[in-house]
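Chain naming here is simple, since letters A, B, ... match the order of the sequence lines and numbering starts at 1 in each.
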Amino acid sequence: MTKTTSISLWVSPVNQIQSQKHLLHHKNIKFQLNQTSRSSKLLSPSFNTLYCTRIPATLSLTSTANHQVTDYNDDICRFCEVGNLQKTMDFIGNSEETILDIKTYCHILQLCADSKALHHGRTIHNLICSRGIELDSVLGSKLVFMYVSCGDVREGRRIFNSIVTHNVFLWNFMMNAYAKMGDYEESVYLFQKMLEMGIEPDSYTFSCILKCFAALGNENIGETIHGYVLKSGFGFDSTVVNSMISLYFKHANIDNARKLFDHLPERDVITWNTMISGYVANSLAKKGFEVFTDMIGSGVTVDLATMVSVVAACASMGVLTLGQTVHAYAVKGEFDKKTKFNNTLLDMYSKCGDMDAALKVFKNMDEKSVVSWTSLIAGYTRKDQSDKAIELFLNMKKKGIKPDTFTVTSILHACASNGSLEKGKEVHNYINENQIQSLAVSNALMDMNLLIKSDEFSLILMMILETSKQKIPTGTQVAMMSQQEEFSELRMRNKSQKSKLQLIKN
DNA sequence: CTAGGGTTAG
């Protein structure tokens with residue numbers, strides 16, 4: 001399936017953007033970015049302001065003549081206000097013949113959305129349909145909002161397509177729904193449609209779309225979209241610029257991220273945090289730590305996310321003393337009471353080679369998550385203490401904590417380096433039974449197979465392919481297939497490398 | 001009624 005999307009953006013004459021026409025490809029989406037004339041639709045005055053900008057906008061009562069009807073409406077609205085959905089539904093059920101105001105339907109649908117009551121929402125939708133009420137932009141938007149809030153994005157989208165709305169909120173809401181599902185292509189597609197309709201994006205639109213572009217990983221689009229952000233007048237909007245910085249970091253464009261940061265007059269906590277985590281993610285932990293130092297110097301109050309990123313920076317640098325200092329600083333701010341912080345702290349000690357400290361953090365934690373267990377397991381695996389790692393793995397299962405792909409990957413490496421094939425096979429069975437699949441898991445399984453006799457090899461490979469089929473994209477499957485062919489050779493190479501290592505050890 | 005940053009493997 002090929003989706004061809006052409007976005008016409010009027011691009012501001014920012015010096016970095018010079019090309020007249022870009023043709024950018026990503027996955028199955030083709031972006032055609034034209035530098036079009038100034039008469040572009042985007043420059044026309046916003047007429048979306050002429051329309052309602054909020055869903056529960058003021059509505060005229062259509063049937064004021066019948067007092068009886070108005071009373072029903074009032075009663076239902078009162079139930080809605082106190083959040084009593086069941087009573088509202090009962091009331092409607094008992095008066096099926098009653099024609100209600102659109103406003104009343106909106107109130108009920110809002111309540112359904114708030115309560116995530118898809119079933120009731122559908123009932124109301126059916127009622128609206130069976131009574132032949134026409135879906136205008138207001139009622140339609142409310143239905144879309146209800147369906148998407150209740151998790152039925154498909155039905156929400158179906159209605160969204162059937163109505164004409166210039167409500168930016170609803171477009172943002174729809175785009176965000178797809179972004180949350182990981183369908184960034186669809187989100188971008190809606191963005192393009194929205195521009196075609198002449199709807200002006202707001203800061204929420206940009207935050208969402210920048211996140212999507214970051215995730216899609218089309219590195220050429222960064223500066224183009226940046227130009228568009230500037231052109232639209234959001235160059236100093238902190239949420240948009242923060243998203244922009246984040247996008248540049250995700251595209252490994254450190255220079256542009258830094259430039260934005262340097263020229264931003266007002267930096268909030270998130271700006272600082274984005275810088276620190278951005279540097280760490282790009283293997284520039286030292287730079288990240290410097291930003292942290294500047295942050296404290298500028299008097300900004302740090303938060304949990306800051307501390308998590310900074311500890312991660314210490315872990316990445318592997319400087320134990322620095323980590324200990326940050327740990328002490330975090331205790332003062334009582335961040336050591338948060339599970340997420342302790343997980344990072346544990347990982348830091350483990351990566352700095354201090355397993356005793358890591359274990360101490362682990363034992364002192366009130367709430368241990370999968371991440372806590374996995375971090376410790378990974379730590380022992382790195383230290384070649386496979387027995388301890390395997391023991392922890394068994395303990396965590398005993399405590400009823402479900403291992404995830406990260407845990408399984410670690411434990412497979414522990415099994416591999418330990419040479420304990422039996423345990424490895426046990427884990428493999430566990431993986432199959434619990435459908436824990438990822439590329440890393442498959443790789444770890446293959447890695448472990450270096451220790452397995454060659455006649456078992458193809459069988460296990462088949463199993464890997466079998467279990468991976470549903471979730472791993474076709475491209476990866478192809479890669480794995482070719483890996484299968486190359487594997488014998490690869491295996492020989494690794495074996496000879498291993499024997500070399502053995503020789504050095506001896 | 002929406003948004004920007006943060007944890008675990010290799």
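Proximity note for A/I270 (side chain, C-beta onward) versus B/dT8, B/dA3, B/dG5: the nearest is B/dG5. The side chain of A/K351 sits closest to B/dT8 out of B/dT8, B/dG4, B/dT7. With B/dG10, B/dT2, B/dG6 as the choices, the nucleotide that has an atom nearest any side-chain atom of A/K340 turns out to be B/dG6. For A/N343, taking side-chain heavy atoms from C-beta onward, the closest of the listed nucleotides B/dG4, B/dT7, B/dT8 is B/dT7. Residue A/V308 has its side chain nearest to B/dT7 when only B/dT7, B/dA9, B/dG4 are considered. Between B/dC1, B/dT8, B/dG6, one nucleotide has an atom nearer to the side chain of A/F145 than all others, and that is B/dC1. The listed nucleotides are B/dG10, B/dA3, B/dA9; the one nearest the side chain of A/S207 is B/dA3. The listed nucleotides are B/dG5, B/dT7, B/dC1; the one nearest the side chain of A/Q110 is B/dC1. Comparing B/dT8, B/dT7, B/dG5 against the side chain of A/S375 picks out B/dT8 as the nearest. Relative to the side chain of A/T344, the nucleotides B/dT2, B/dA3, B/dT7 differ in distance, and B/dT7 lies closest.
Under a 4.0 Å N-O distance rule, the pair A/R157/A/E186 qualifies as a salt bridge.
As rounded to whole Å, 18 Å separates atom P of B/dA3 from atom CH2 of A/W171. Rounded to whole Å, atom P of B/dG4 lies 17 Å from atom CZ of A/F249. What separates CD1 of A/I245 from P of B/dG4 is a distance of 15 Å, to the nearest Å. Atom pair A/I411:CD1 and B/dT8:C1' shows a separation of 13 Å (rounding to whole Å applied). Between A/L376 atom CG and B/dT8 atom P the separation is 15 Å, expressed in whole Å. Here B/dT2 presents its P atom at 19 Å from OH of A/Y178, a figure rounded to the nearest Å. For A/I401 and B/dT8, the CD1 to C1' distance is 13 Å, given to the nearest whole Å. Spacing between atom CE of A/M365 and atom C1' of B/dT7 amounts to 10 Å, rounded to whole angstrom units.
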Stepwise side-chain hydrogen bond (donor to acceptor under 3.5 Å, both in side chains) check, A/D202 with A/T205: CA-CA 5 Å; A/D202 64 6; A/T205 318; 2.8 Å; yes
Verdict with supporting geometry, A/W373 and A/F393, ring-ring contact (aromatic ring centres under 6.0 Å, His included): CA-CA 8 Å; A/W373 288 87; A/F393 181 73; over 10 Å; no
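Within the 4.0 angstrom heavy-atom criterion, only backbone atoms of the sugar-phosphate kind lie near A/D347; the bases stay farther away. Among the atoms of the strands shown, none is found under 4.0 Å from any heavy atom of A/N342. Looking at heavy-atom distances under 4.0 Å, A/R382 makes contact with sugar-phosphate atoms alone, never a base. Using a 4.0 Å heavy-atom cutoff across all strands shown, A/S238 reaches at least one base atom of the nucleic acid. A/D268 comes within 4.0 angstrom of a nucleotide base, judged by non-hydrogen atoms across all strands. Using a 4.0 Å heavy-atom criterion, one finds that A/K368 contacts no nucleic acid atom at all. As judged by a 4.0 angstrom heavy-atom cut-off over every strand, A/T274 is placed among residues touching the sugar-phosphate backbone only.
Within the structure, the salt bridge (Lys or Arg N to Asp or Glu O under 4.0 Å) test picks out no pair touching residues 387-399 of chain A (sequence neighbours left out). Judged as a salt bridge (Lys or Arg N to Asp or Glu O under 4.0 Å), not a single pair has a partner in residues 233-255 of chain A (not counting sequence neighbours).
Note that A/K211 lies outside the cation-pi zone of A/Y184, set by a 6.0 Å cut-off to the ring centre and a 45° limit from the axis.
For A/S246, no side-chain nitrogen or oxygen approaches OP1 or OP2 of B/dG4 to under 4.0 Å. Checking the phosphate oxygens (OP1, OP2) of B/dA3, no side-chain nitrogen or oxygen of A/K211 falls inside 4.0 Å. The shortest distance between the side-chain N/O atoms of A/K250 and the OP1/OP2 oxygens of B/dG5 is below 4.0 Å. At the phosphate of B/dG10, neither OP1 nor OP2 sits under 4.0 Å from any side-chain N or O atom of A/T409. For B/dA3, one of the phosphate oxygens OP1 or OP2 lies less than 4.0 angstrom from a side-chain nitrogen or oxygen of A/K180.
No more than 12 heavy-atom neighbours from other residues, nucleotides or ligands sit within 6.0 angstrom of NZ on A/K338.
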